[in-house]
2 protein chains.
Amino acid sequence: MDSVRQLLDSAGIYATPQRLAIGEVLFVGPQHLTADEIYDRVRSRNGGVSRATVYNTLNLFTEKGLLREIFVDAACAFYDTNTRPHYHLYNVDTGELQDMEDDHILEHFARSLPAGTRLKGVDVVVRVGNHG
Amino acid sequence: MDSVRQLLDSAGIYATPQRLAIGEVLFVGPQHLTADEIYDRVRSRNGGVSRATVYNTLNLFTEKGLLREIFVDAACAFYDTNTRPHYHLYNVDTGELQDMEDDHILEHFARSLPAGTRLKGVDVVVRVGNHG
DNA sequence: AGTGGAATTGGACCAGGTCTAAAATGAGGC
DNA sequence: GCCTCATTTTAGACCTGGTCCAATTCCACT
């Protein structure tokens, strides 16, 4: 139960009740959630957390490297608890997003797609910056 | 000059003056533009095109496979005239987006980054669907 | 207890992008 | 040439995810 507190500590994040509540929703395992899903889950478990705090906290966690933002369509960001560089499989029809673990997926993706799905495209974004 | 018309024809898109104007802005070569940039360029060249038409047309072109949408941050979509599966280099500080042509970039990206930039992360989205 | 800086809050605000209802366009038939 | 009707365009209202802001609360420290 205190693993979330430790995680925040190790990232240099001051642990508040709200941040712990949000962390407990997020860091139960690898998952992809939207801000709204996170907001709903935190509320139904702990009650009082405002939308603004959820956004603040998600941005803070992202900045500190505990989360990664994924943009897969214009109208909603996913937050991924797996922060290693990795691949995603996005189903444009269902809106599902899942991790792909195969390191050679780029060579194989066409062969290894889930049954019943058809390839629509592959985008790789290598994110760089000028500092930090 | 009529190559845009031919492109629209071959994609089964009825060629209107507005669509041709937008096509002429887009299909001059490989590039990444935002909807707003496209709107501005069309207006400064041809005048009368409404924002709604630009969005309609971009969606139509995307649907018909002439364009690809790229989501790289929450607040703005890029439209890429290169529709083959390929990689992008996004500079989080400048907002620049460029194509990467190296087919083995995933193995080499860490070594081949532009001078003065540092790796922030790699996201690969393999887009699939249940039909079509 | 008192103080000051950080965190939280609700609500106003912002900006892409979509929707809608009305007007304009234009190809096909006459 | 001109009607007709479906398609396209348009302006502006609208929606919605996300940010900003000023006011309040919290809490570590004295």
Side-chain angles (χ1 to χ4, degrees), chain A residues 4-5 8-9 11-26 32-43 45-64 66-80 92 95 97, chain B residues 4-5 8-9 11-26 32-43 45-64 66-80 92 95 97:
Chain A
V4 172
R5 171 168 263 119
L8 299 196
D9 283 354
I13 296 172
Y14 181 82
T16 68
Q18 290 85 348
R19 287 172 183 174
L20 288 169
I22 293 168
E24 273 159 29
V25 165
L26 286 168
H32 309 97
L33 298 172
T34 65
D36 238 44
E37 286 167 349
I38 295 163
Y39 176 71
D40 288 345
R41 294 194 188 186
V42 172
R43 294 221 117 205
R45 290 183 31 152
N46 302 65
V49 178
S50 74
R51 206 168 238 108
T53 297
V54 170
Y55 280 106
N56 287 345
T57 302
L58 291 174
N59 287 337
L60 179 66
F61 285 5
T62 301
E63 219 168 88
K64 297 291 189 178
L66 301 183
L67 283 180
R68 168 190 292 274
E69 286 175 302
I70 303 166
F71 304 105
V72 72
D73 89 41
C76 111
F78 285 94
Y79 291 85
D80 188 348
V92 297
L97 185 67
Chain B
V4 172
R5 171 169 262 116
L8 300 195
D9 284 355
I13 296 172
Y14 180 83
T16 67
Q18 290 86 347
R19 288 172 182 175
L20 288 169
I22 293 168
E24 273 159 28
V25 165
L26 286 169
H32 311 97
L33 298 172
T34 65
D36 237 44
E37 285 167 351
I38 296 163
Y39 176 72
D40 288 344
R41 293 195 189 186
V42 173
R43 296 221 116 204
R45 290 182 32 151
N46 303 64
V49 178
S50 74
R51 206 168 236 106
T53 298
V54 170
Y55 281 106
N56 287 344
T57 303
L58 291 175
N59 287 337
L60 179 66
F61 285 5
T62 301
E63 217 168 90
K64 297 291 189 178
L66 300 183
L67 284 180
R68 168 190 292 273
E69 286 175 304
I70 303 166
F71 304 105
V72 73
D73 89 43
C76 110
F78 285 94
Y79 291 87
D80 187 349
V92 297
L97 185 67

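Sequence lines set the chain letters: A, B, ... in the order given, protein chains first and strands last, and positions in each chain run from 1.
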Check whether any side-chain N or O of [X] sits under 4.0 Å from OP1 or OP2 of [N], and answer yes or no.
| X | N | answer |
| --- | --- | --- |
| B:T53 | D:dT8 | no |
| B:Q18 | C:dT25 | no |
| A:Y55 | D:dG18 | yes |
| A:T16 | C:dT8 | yes |
| A:N59 | D:dT19 | yes |

Whole angstroms only, please: what is the [atom1]-[atom2] distance between [X] and [N]?
| X | N | atom1 | atom2 | result |
| --- | --- | --- | --- | --- |
| A:L33 | D:dG17 | CG | C1' | 16 Å |
| B:E37 | C:dG17 | CD | C1' | 16 Å |
| B:L58 | D:dT8 | CG | C1' | 15 Å |
| B:Y39 | D:dT9 | OH | P | 15 Å |
| A:L60 | D:dT19 | CG | C1' | 16 Å |
| B:Y14 | D:dT9 | OH | P | 9 Å |
| A:L20 | C:dT8 | CG | P | 10 Å |
| B:E69 | C:dT18 | CD | C1' | 13 Å |

Over all strands shown, is [X] touching base, sugar-phosphate only, or nothing at heavy-atom distances under 4.0 angstrom?
| X | result |
| --- | --- |
| A:R51 | nothing |
| B:D73 | nothing |
| A:N56 | base |

Point to revise | Closest to the B:A52 side chain, choosing from C:dC19, D:dT8, D:dG18 | key: C:dC19
Practice item. Please tell me which of the listed nucleotides, D:dT19, D:dT10, C:dT8, lies nearest to the side chain of B:S50? Key: D:dT10
Review point. Where does DNA chain C form stems of at least three consecutive Watson-Crick or G-U wobble pairs, each pair having both distances below 3.5 Å?
Key: C:1-30 with D:1-30
Point to revise | Exercise: identify the closest heavy-atom pair between A:H32 and A:L97 | key: ND1-O, 3.2 Å
Review point. Can you name the nearest heavy-atom pair linking A:Q18 to A:G48, along with the distance?
Key: CG-O, 4.4 Å
Practice item. Answer yes or no: is there a side-chain heavy-atom contact under 4.5 Å between A:Y39 and A:T34? Key: no
Check your understanding: With a 4.5 Å limit on heavy-atom distance, are the side chains of B:T16 and B:T53 in contact?
Key -> no
Point to revise | Evaluation steps, side-chain contact (heavy atoms from CB on, under 4.5 Å), between A:E69 and A:N59 | key: CA-CA 9 Å; A:E69 286 175 302; A:N59 287 337; 4.1 Å; yes
Practice item. With sequence neighbours left out, write down each residue that passes side-chain contact (heavy atoms from CB on, under 4.5 Å) with A:A52, or none if nothing qualifies. Key: A:S50
Review point. Toward the 5' end of DNA chain C, which comes first, A:G48 or B:P17, by nearest nucleotide?
Key: A:G48
Point to revise | Polar side-chain atom of B:R19 near backbone of B:Y14 as donor-acceptor pair, under 3.5 Å | key: yes
Practice item. Tell me, with the steps shown, if B:I13 and B:L66 meet side-chain contact (heavy atoms from CB on, under 4.5 Å). Key: CA-CA 10 Å; B:I13 296 172; B:L66 300 183; 3.8 Å; yes
